[in-house]
Amino acid sequence: MTSPILTISNLTKRFGGNAAVSNINLDVIRKETMAIIGPNGAGKTTFYNMVSGRMQPSEGNITLDGKDITGLPPHKISKLGISRSFQINNIFPEMTVQENVEVVLSAYHGHSRKLFNIASRNAGIQQEAEELLKRLGVDSLKDRRAEVISYGDKRLLEIAMVLATRPKLVLLDEPTAGMTPEETRRTTKLIKSLADSGDYTFLITEHDMDVVFDLADRILVMHRGEKLFAGTPAEVKIHPEVRRAYLGEEEDEVTGETSA
Ligand SMILES: Nc1ncnc2c1ncn2[C@@H]1O[C@H](COP(=O)(O)OP(=O)(O)OP(=O)(O)O)[C@@H](O)[C@H]1O
């Protein structure tokens, strides 16, 4: 875990006179799982939107694997290897779970995304889709229409679709938001096993601190647009300024403990 896959330099986004993100410097190391946390309004979404190309930075640079991607549109950034999960928006509800993954794989392998190509399914793509669904633990659902599976399973399907593009960097936006505690446990375990496989680099935003501390190798703590601290979960837990930033929001949110 040494060379950075993503380098952020002096990244700033202003809305009018206000800096939503201010002068952030950060390296995301190949194969690590990095989480971004911070109180409401800290600038996490704005930061994420700049990395995925949905927002143009006011200042600063973003480099992916040595290539400057600052200000490129989302489709170009996605082609260059940053894949972002959107909460279920990408799923075709009437297709089966497996066909959904096959559509993405077909596009990745240079075939048309059009449905008639799915009808004449390619054996290699079919097998690849099955393997991905197995990795996500949803292969038993492969022949179900996507619209009938549970919310938690849809989120896992969505992650399978993101991974189908073989991204260099996977952005997961609140991967457990809206899940039941059981779905959250299952999803956390799965993401952890994907991360442990060493095949992926994850940049995750997540409000659930238990999930963050379970998954992250390192955590970027944002506060009022600035980088308050970046370090290991153990370092973050004991960092006085981090604790101070969270107190007054939800007490001890950062440690996952409830204060008496
Ligand atoms: N399009 C916009 N126009 C003006 N101000 C914005 C815009 N987007 C975000 N902001 C402001 O930038 C600041 C950071 O917002 P952002 O949504 O990035 O924070 P966040 O950490 O993701 O918050 P939350 O945890 O509540 O989602 C806030 O003060 C917000 O009001």
Side-chain angles (χ1 to χ4, degrees), residues 1-9 11 21 24-39 42-45 47-52 62-66 69 77 80-85 135-137 155-156 158-160 162-163 165-177 179 184-223 226-243 245-246 252-257:
M1 295 226 309
T2 46
S3 67
I5 187 105
L6 188 78
T7 301
I8 308 279
S9 313
L11 196 66
V21 169
I24 301 262
N25 291 289
L26 182 79
D27 278 342
V28 177
I29 307 297
R30 220 174 285 272
K31 309 305 179 198
E32 79 171 332
T33 297
M34 172 144 234
I36 307 173
I37 67 169
K44 306 178 295 288
T45 309
F47 177 85
Y48 226 57
N49 282 337
M50 287 190 281
V51 174
S52 64
I62 306 170
T63 308
L64 176 71
D65 222 1
I69 60 163
I77 289 186
L80 289 168
I82 296 184
S83 210
R84 177 176 182 170
S85 75
R135 268 190 111 164
L136 272 297
R155 298 292 315 265
L156 293 175
E158 201 203 36
I159 294 175
V162 165
L163 300 185
T165 64
R166 297 189 198 164
K168 291 178 177 170
L169 175 66
V170 184
L171 304 185
L172 296 180
D173 224 342
E174 304 254 349
T176 70
M179 287 190 174
T184 297
R185 266 192 298 278
R186 184 173 150 223
T187 303
T188 308
K189 205 170 147 200
L190 268 160
I191 297 172
K192 205 171 170 54
S193 79
L194 292 169
D196 288 347
S197 73
D199 293 338
Y200 304 102
T201 310
F202 288 107
L203 186 58
I204 298 180
T205 59
E206 179 59 63
H207 275 107
D208 184 327
M209 288 301 140
D210 290 335
V211 173
V212 167
F213 284 103
D214 255 11
L215 285 181
D217 297 309
R218 286 193 307 144
I219 300 172
L220 165 67
V221 187
M222 294 184 67
H223 186 52
E226 294 183 356
K227 171 170 146 184
L228 186 60
F229 184 68
T232 64
E235 289 168 335
V236 164
K237 269 187 186 171
I238 58 165
H239 197 278
E241 276 182 69
V242 173
R243 296 182 68 91
Y246 271 85
D252 287 338
E253 186 188 349
V254 74
T255 60
E257 293 157 9

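Small disclaimer: the values here were computed from a predicted structure and weren't measured. Below, all heavy atoms of this structure are taken into account, side chains as well, without hydrogens, waters or symmetry copies.
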In short, Val170 meets Pro167 closest at the heavy-atom pair CG2-CG, 3.6 Å
Tightest non-hydrogen contact, residues Ala216 and Ala35, listed as CB-CB, 3.9 Å
Reported [atom1]-to-[atom2] distance for the pair [X] and [Y], which is rounded to 0.5 angstrom:
X	Y	atom1	atom2	value
Thr165	Arg84	OG1	CZ	14.0 Å
Ile204	Ile36	CD1	CD1	10.0 Å
Leu190	Arg155	CG	CZ	13.0 Å
Tyr200	Ile191	OH	CD1	12.0 Å
Ile62	Phe47	CD1	CZ	7.5 Å

Do the side chains of [Y] and [X] get nearer than 4.5 Å, heavy atoms only?
X	Y	answer
Ile77	Leu64	no
Met34	Leu26	yes
Ile69	Ile82	yes
Leu169	Leu171	yes
His207	Lys44	yes
Phe229	Ile219	no
Met50	Leu11	yes
Thr205	Thr45	no

Residues passing the salt bridge (Lys or Arg N to Asp or Glu O under 4.0 Å) test with Asp65, sequence neighbours excluded, are Arg30, Lys168
Those residues at least two apart in sequence (or on a different chain) that pass side-chain contact (heavy atoms from CB on, under 4.5 Å) with Leu136 are Val138, Leu156, Ile159, Ala160, Leu163, Leu194
Residues at least two apart in sequence or cross-chain that pass side-chain contact (heavy atoms from CB on, under 4.5 Å) with Thr188, listed by chain then number, are Thr176, Thr184, Val211, Asp214, Leu215
For residues 186-200, the salt bridge (Lys or Arg N to Asp or Glu O under 4.0 Å) pairs (sequence neighbours left out) are Arg135-Asp199, Asp153-Arg186
Partners meeting side chain to side chain donor-acceptor pair (under 3.5 Å) with [X] (sequence neighbours left out):
X	result
Asp27	Thr7
Glu241	none
Tyr48	none
Thr201	none

Is the backbone N or O of Asp208 less than 3.5 Å from a side-chain atom of Glu206, with the two atoms forming a donor-acceptor pair by type? yes
Check whether any side-chain N or O of Arg218 sits under 3.5 Å from a backbone N or O of Pro233 as a donor-acceptor pair, and report yes or no.
no
